[in-house]
Amino acid sequence: MGKCTGRPPPWLLATVLAAAALAGACGGGGPRRVSVSLREWSVQASPAETKAGRVRFQVENAGTRPHEMVVVKSDLPPDLLPVSEFRVTESMVNVAGEVEAFGAGESRVLELDLSPGKYLLICNLLERPPDAQPVSHYQNGMVAAFLVTP
């Protein structure tokens, strides 16, 4: 060992940094990660369940149209949220957070502090093609159940 300089030896600093990196890679204290894939006409979350606390959603638009993701805390079945004019009435549900509409092939990140309970991940976009019936992404099946445990 060398003189006491008041600084830790370089090998100790390297050991501490390596341990911190390993803890982060193994979920040691950081947000829980959930991958979400949006496409016509589905929402898939992996995993579909996580523990309460900070959750980081990595949201990918794997479809060909713009999509969004709205996180709704609800005990209702996935297809029974209140709808008005082909869209879920967001003022009548408990919205925990949202990723605004983004294009095909793009991805977004959403971090939320989630309490235990049942959630739904939905795309609530509505397309209004000229001279055609509106296309509701939610009513066409863009919803997935998501569970947050204690």
Side-chain angles (χ1 to χ4, degrees), residues 8 12-150:
L12 180 59
L13 184 57
T15 303
V16 169
L17 289 173
L22 182 60
C26 296
R32 290 164 179 81
R33 297 180 186 273
V34 176
S35 296
V36 180
S37 178
L38 307 173
R39 69 182 58 194
E40 301 79 36
W41 301 111
S42 70
V43 176
Q44 295 178 332
S46 179
E49 178 178 319
T50 193
K51 291 190 179 277
R54 196 82 181 150
V55 178
R56 181 183 177 99
F57 292 97
Q58 180 68 40
V59 187
E60 176 193 13
N61 183 343
T64 60
R65 303 169 182 211
H67 293 296
E68 70 175 358
M69 185 183 77
V70 182
V71 180
V72 176
K73 188 171 187 183
S74 177
D75 289 329
L76 292 172
D79 59 342
L80 291 182
L81 293 177
V83 173
S84 175
E85 296 185 19
F86 307 101
R87 296 183 72 229
V88 171
T89 310
E90 292 183 23
S91 63
M92 295 179 67
V93 296
N94 183 359
V95 175
E98 155 174 24
V99 173
E100 296 290 335
F102 62 103
E106 296 179 11
S107 61
R108 298 289 187 268
V109 173
L110 175 65
E111 281 197 28
L112 299 171
D113 285 313
L114 298 179
S115 59
K118 295 177 183 178
Y119 291 80
L120 297 171
L121 310 178
I122 69 169
C123 179
N124 201 26
L125 291 186
L126 178 65
E127 296 176 35
R128 294 186 184 272
D131 302 323
Q133 183 76 358
V135 178
S136 166
H137 290 211
Y138 168 73
Q139 290 181 322
N140 275 303
M142 291 197 72
V143 58
F146 187 75
L147 182 64
V148 177
T149 60

> Just wondering, do Leu112 and Tyr119 contact through their side chains at under 4.5 Å, heavy atoms?
Replying inline: no
> Do Phe57 and Val99 have side chains that get closer than 4.5 Å, going by heavy atoms?
Replying inline: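 No, their side chains stay 4.5 Å or more apart.
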What are the two closest heavy atoms between [X] and [Y], and how far apart are they?
{"X": "Gly63", "Y": "Ala104", "answer": "O-CB, 3.1 Å"}
{"X": "Val88", "Y": "Asn124", "answer": "N-OD1, 2.8 Å"}
{"X": "Pro47", "Y": "Arg33", "answer": "CD-O, 3.7 Å"}
{"X": "Val43", "Y": "Met142", "answer": "CG2-C, 3.5 Å"}
{"X": "Ala45", "Y": "Phe146", "answer": "CB-CD1, 4.2 Å"}
{"X": "Asp79", "Y": "Tyr138", "answer": "C-OH, 3.2 Å"}

Nearest-0.5 Å distance, [atom1] of residue [X] to [atom2] of residue [Y]:
{"X": "Leu81", "Y": "Gln139", "atom1": "CG", "atom2": "CD", "result": "10.5 Å"}
{"X": "Glu90", "Y": "Ile122", "atom1": "CD", "atom2": "CD1", "result": "6.0 Å"}
{"X": "Ser46", "Y": "Gln58", "atom1": "OG", "atom2": "CD", "result": "12.5 Å"}
{"X": "Phe86", "Y": "Gln133", "atom1": "CZ", "atom2": "CD", "result": "4.5 Å"}
{"X": "Leu125", "Y": "Glu68", "atom1": "CG", "atom2": "CD", "result": "4.0 Å"}

> Who are the side-chain hydrogen bond (donor to acceptor under 3.5 Å, both in side chains) partners of Arg108, not counting sequence neighbours?
Replying inline: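 Listed in chain order: Glu106.
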> Do you see a donor-acceptor pair shorter than 3.5 Å between the side chains of Thr64 and Glu40?
Replying inline: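 The criterion, which ignores hydrogens and geometry beyond distance, is satisfied for Glu40 and Thr64.
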>> I need the full list of salt bridge (Lys or Arg N to Asp or Glu O under 4.0 Å) pairs touching residues 52-65, with sequence neighbours left out, sorted by first then second residue.
In response: Arg54-Glu111, Arg54-Asp113, Arg56-Glu111, Arg65-Glu127
Side-chain donor/acceptor pairs under 3.5 Å, residues 69-78, sequence neighbours excluded:
from: Lys73; atom 1: NZ; to: Ser115; atom 2: OG; distance (Å): 2.8
from: Lys73; atom 1: NZ; to: Pro116; atom 2: O; distance (Å): 3.1
from: Ser74; atom 1: OG; to: Leu76; atom 2: N; distance (Å): 3.0

